[in-house]
Amino acid sequence: MGNFSVVVLDFETTGLSPDCGDRAIEVGAVLVQGNRITDRFQSLMNPGMRVSGFIEQYTGITNEMLRSAPPAAEVMQRFAAFAGRHHLVAHNASFDRRFLDSELKRISLTRQQEFACSMLLSRRLNCDAPGHSLEALVRYKKLTTSGVFHRALADAEMTAHLWVAMVEELKREHQLRVVPFELMQRIMKVSKKGVPEFLRRLAQG
DNA sequence: TGCCAGGCCCTCTTTAGGGCCTT
């Protein structure tokens, strides 16, 4: 058992920064309980602006598709209900956190949950990986994939598989019965050099 | 006015610069 539940999420957006006016165009999320995905959420959302040709090509999400999508406010209300009070996980979480907070603020909601970042964790736990992009890690760890990248639900599912793999490896390699979310957060924040010593002490209890 | 991401992490470091990662 993973001993706690998390919601793993991923946004597709019009660009890199909500502070520069960028908006979310799709949200995908999965509920992970123990080491299994038990629920899924996905929706396009109309950002009220046109997306660039680059984004259309990068994500496969076109202006045509977004024209008939429900407004972002409606989708974010539904997403907030799906996420509930579960802890949140994302790959390069600082990116998704900024968009989540920005979109929630537009509907007068405030995030209450903590975030953990699968990329920061991977940099500490998969030191031999050739890279820590989601795509590189999926190949490196031979994770389950639909073959689709840069769509919100597919990326959220792959991130969830990566998260579960890291939790399970920690338990196996360090003789841990449980790996709480808070421990994942602590590992994420340990300096990279300090990780071996941190894990050694962890295994000793 | 004109510009515009932001944070982590390494190193030829800390009075800095550049690559990685997200779209």
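Here is the naming used below: chain letters follow the sequence lines, and residue numbers restart at 1 for every chain. The basis for the numbers below is simple: all heavy atoms, side chains too, and nothing from hydrogens, waters or symmetry mates.
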Write down the distance separating the [atom1] atoms in [N] and [M], rounded off to the nearest Å.
{"N": "B:dC9", "M": "B:dC4", "atom1": "P", "value": "27 Å"}
{"N": "B:dC12", "M": "B:dA16", "atom1": "C1'", "value": "11 Å"}
{"N": "B:dT14", "M": "B:dC8", "atom1": "C1'", "value": "16 Å"}
{"N": "B:dG19", "M": "B:dT13", "atom1": "C1'", "value": "15 Å"}
{"N": "B:dA5", "M": "B:dT23", "atom1": "C1'", "value": "11 Å"}

Check your understanding: Looking only at atom types and distance, does a side-chain atom of A:Glu26 sit under 3.5 Å from a main-chain N or O of A:Ala152, one as donor and one as acceptor?
Key ->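 Yes.
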*Taking the side chain from A:Asp10 and the backbone from A:Gly28, do they hold a donor-acceptor pair closer than 3.5 Å?*
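Between the backbone of A:Gly28 and the side chain of A:Asp10 there is no qualifying donor-acceptor contact (under 3.5 Å).
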Does A:His150 place a side-chain N or O at less than 4.0 Å from the phosphate oxygens OP1/OP2 of B:dT23?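 For B:dT23, OP1 or OP2 has a side-chain N or O of A:His150 closer than 4.0 Å.
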If you measure from the Lys or Arg side-chain nitrogens to the Asp or Glu carboxylate oxygens, is any gap between A:Arg186 and A:Glu182 under 4.0 Å?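 No.
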Mind checking if [X] touches a base, just sugar-phosphate, or nothing, with heavy atoms under 4.0 Å?
{"X": "A:Thr59", "answer": "sugar-phosphate"}
{"X": "A:Asp96", "answer": "nothing"}
{"X": "A:Phe11", "answer": "sugar-phosphate"}

Could you state the [atom1]-[atom2] distance from [X] to [N], rounded to the nearest angstrom?
{"X": "A:Arg124", "N": "B:dC10", "atom1": "CZ", "atom2": "C1'", "value": "13 Å"}
{"X": "A:Asn126", "N": "B:dC8", "atom1": "CG", "atom2": "P", "value": "20 Å"}
{"X": "A:Leu162", "N": "B:dT22", "atom1": "CG", "atom2": "P", "value": "11 Å"}
{"X": "A:Ile61", "N": "B:dT23", "atom1": "CD1", "atom2": "P", "value": "10 Å"}
{"X": "A:Phe99", "N": "B:dG6", "atom1": "CZ", "atom2": "P", "value": "11 Å"}
{"X": "A:Phe95", "N": "B:dT22", "atom1": "CZ", "atom2": "P", "value": "10 Å"}
{"X": "A:Leu121", "N": "B:dC8", "atom1": "CG", "atom2": "P", "value": "14 Å"}
{"X": "A:Phe115", "N": "B:dT22", "atom1": "CZ", "atom2": "C1'", "value": "12 Å"}

Can you work out whether A:Ile25 or A:Met188 has the more 5'-proximal nearest nucleotide on DNA chain B?
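Comparing both residues, the 5'-ward one is A:Met188.
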- Specify the residue among A:Arg123 and A:Thr14 whose closest nucleotide of DNA chain B lies further upstream toward the 5′ end.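 First, find each residue's nearest nucleotide; the 5'-ward one identifies A:Arg123.
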Does A:Arg201, at its CZ atom, have more than 12 non-hydrogen atoms belonging to other residues, nucleotides or ligands within less than 6.0 Å?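 No, because the 6.0 Å sphere around CZ of A:Arg201 holds 12 heavy atoms or fewer from other groups.
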Exercise. State which residue, out of A:Leu88, A:Val89, A:Asp155, fulfils the side-chain contact (heavy atoms from CB on, under 4.5 Å) condition with A:Leu9.
Key: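 For A:Leu9, the side-chain contact (heavy atoms from CB on, under 4.5 Å) test succeeds with only one of A:Leu88, A:Val89, A:Asp155, which is A:Leu88.
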Side chain of [X] (C-beta onward), nearest among [options]:
{"X": "A:Leu134", "options": "B:dT22, B:dC9, B:dC21", "value": "B:dT22"}
{"X": "A:Lys192", "options": "B:dC21, B:dC9, B:dT23", "value": "B:dC9"}
{"X": "A:Asn92", "options": "B:dA5, B:dG6, B:dC8", "value": "B:dG6"}
{"X": "A:Ser94", "options": "B:dT22, B:dA5, B:dG6", "value": "B:dG6"}

Do A:Arg23 and A:Arg106 have side chains that approach each other closer than 4.5 Å (heavy atoms only, starting at C-beta)?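 The answer is yes, as the side chains (C-beta and beyond) meet within the 4.5 Å cut-off.
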